[in-house]
Amino acid sequence: MLPHADDAISRDGKSLILAYDHGLEHGPVDFDPNPSTADPERLFELASHDAVTALAVQKGIAEAYYPDYEEDVNLLLKLNGTSSLWMGEPDSPVNCSAEYAADLGADAIGFTLYGGSNHEVEMAEEFKAAQEGAREHDMGVVMWSYPRGQGVKNDTSPDTISYAARLGLELGADVVKVKYPGSAEAMGEAVRMAGPTKVVMSGGTMRDDKAFLRNVADAIDAGATGLAVGRNVFQRDDPERILDALEAVVFEEVEPDEAIAIADDD
Ligand code: FBP
């Protein structure tokens, strides 16, 4: 990793990345709880919230919508992604180059690595091209480090998440995004293994306000520098309200109950 390479997608060293690649990764079913979020414009508007330091999208969405939002939104362009229609060993085809990401105005690139998959070797080689391309264009590098596949028995165990975080450091990510390993202690160990590479927590499936914000607060206490979140924001009836609360938890390190009170006052 390079010092400050993630500055364009961070505030005071912390990141709140709004992830919106679900239309590819999971399909339209993810928009059912809040149908307005099928419209990418709604997500670009959400990404204009002060709490959000970058919006992660795929190439097609960036091409179609980013020109209207480049003043207000920092772009984190995913360079690979796969649909849930794919039933084989975990893999994620590269659909965009770092050069093209730079042409689209990206501040950083995002790349999924499925360590432990039978496709890990090719994915790591593809990450090399993406990471070095990002360096040439002064873009940050965010790795979605999700061990899964034949070599992985439990993809959220503390050991697996520590290893996932370490892969980010070893392979040159500035920020590594990992699933929450179930406790603050395990998150702290993952952060330790990542060294100077910043660790952000993946949002995961929808949970109630308190449970979700508790996980986020614990991750921050354990040294994580933020989160990359999709469903726990855009599947809510009032996504702005949870962004208000997240802003308090991530950037002000306010406890979840107080953060909810702040959000309800706004
Ligand atoms: P969520 O906060 O909705 O979990 O989004 C984070 C993310 O990494 C997305 O970028 C991606 O689409 C999704 O999770 C992938 O989740 P999974 O691979 O576990 O289905």
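Counting starts at 1 for both ligands and their atoms, in listed order. Keep in mind it's a predicted model, so treat the numbers as computed, not measured. Index from 1, following the sequence.
With sequence neighbours excluded, no residue forms a salt bridge (charged side-chain N to carboxylate O under 4.0 Å, His left out) with Asp30.
Within the 6.0 Å centre-distance limit, the rings of His22 and Phe234 are counted as a close aromatic pair. Taking the six-membered ring for Trp and the full ring otherwise, Tyr180 and Phe212 have centroids separated by 6.0 Å or more.
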Pairwise, report which nitrogen or oxygen atoms of ligand 1 are under 3.5 angstrom from protein nitrogen or oxygen atoms, and how far apart they are.
| unit_1 | atom_1 | unit_2 | atom_2 | d |
| --- | --- | --- | --- | --- |
| ligand 1 | 2 (O) | Gly203 | N | 3.4 |
| ligand 1 | 2 (O) | Gly204 | N | 3.3 |
| ligand 1 | 2 (O) | Gly230 | N | 2.8 |
| ligand 1 | 3 (O) | His22 | NE2 | 2.8 |
| ligand 1 | 3 (O) | Arg231 | N | 2.8 |
| ligand 1 | 3 (O) | Arg231 | NE | 2.7 |
| ligand 1 | 4 (O) | Gly204 | N | 2.8 |
| ligand 1 | 4 (O) | Arg231 | NH2 | 2.7 |
| ligand 1 | 5 (O) | His22 | NE2 | 3.1 |
| ligand 1 | 8 (O) | Trp144 | NE1 | 3.2 |
| ligand 1 | 8 (O) | Tyr146 | OH | 2.4 |
| ligand 1 | 8 (O) | Lys177 | NZ | 2.5 |
| ligand 1 | 10 (O) | Asp21 | OD1 | 2.8 |
| ligand 1 | 10 (O) | Asp21 | OD2 | 3.2 |
| ligand 1 | 10 (O) | Trp144 | NE1 | 2.9 |
| ligand 1 | 12 (O) | Asp21 | OD1 | 2.7 |
| ligand 1 | 16 (O) | His26 | NE2 | 3.4 |
| ligand 1 | 18 (O) | Arg148 | NH1 | 3.0 |
| ligand 1 | 18 (O) | Arg148 | NH2 | 3.2 |
| ligand 1 | 19 (O) | Arg148 | NH2 | 3.3 |
| ligand 1 | 19 (O) | Lys179 | NZ | 2.4 |
| ligand 1 | 20 (O) | His26 | NE2 | 2.5 |

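With Phe111 as the aromatic partner, Lys78 does not meet the cation-pi criteria of under 6.0 angstrom to the ring centre and within 45 degrees of the ring axis.
In this structure the side chain of Asp244 reaches within 4.5 angstrom of the side chain of His49, judged on heavy atoms. No side-chain heavy atom of Pro256 sits less than 4.5 Å from a side-chain heavy atom of Lys210.
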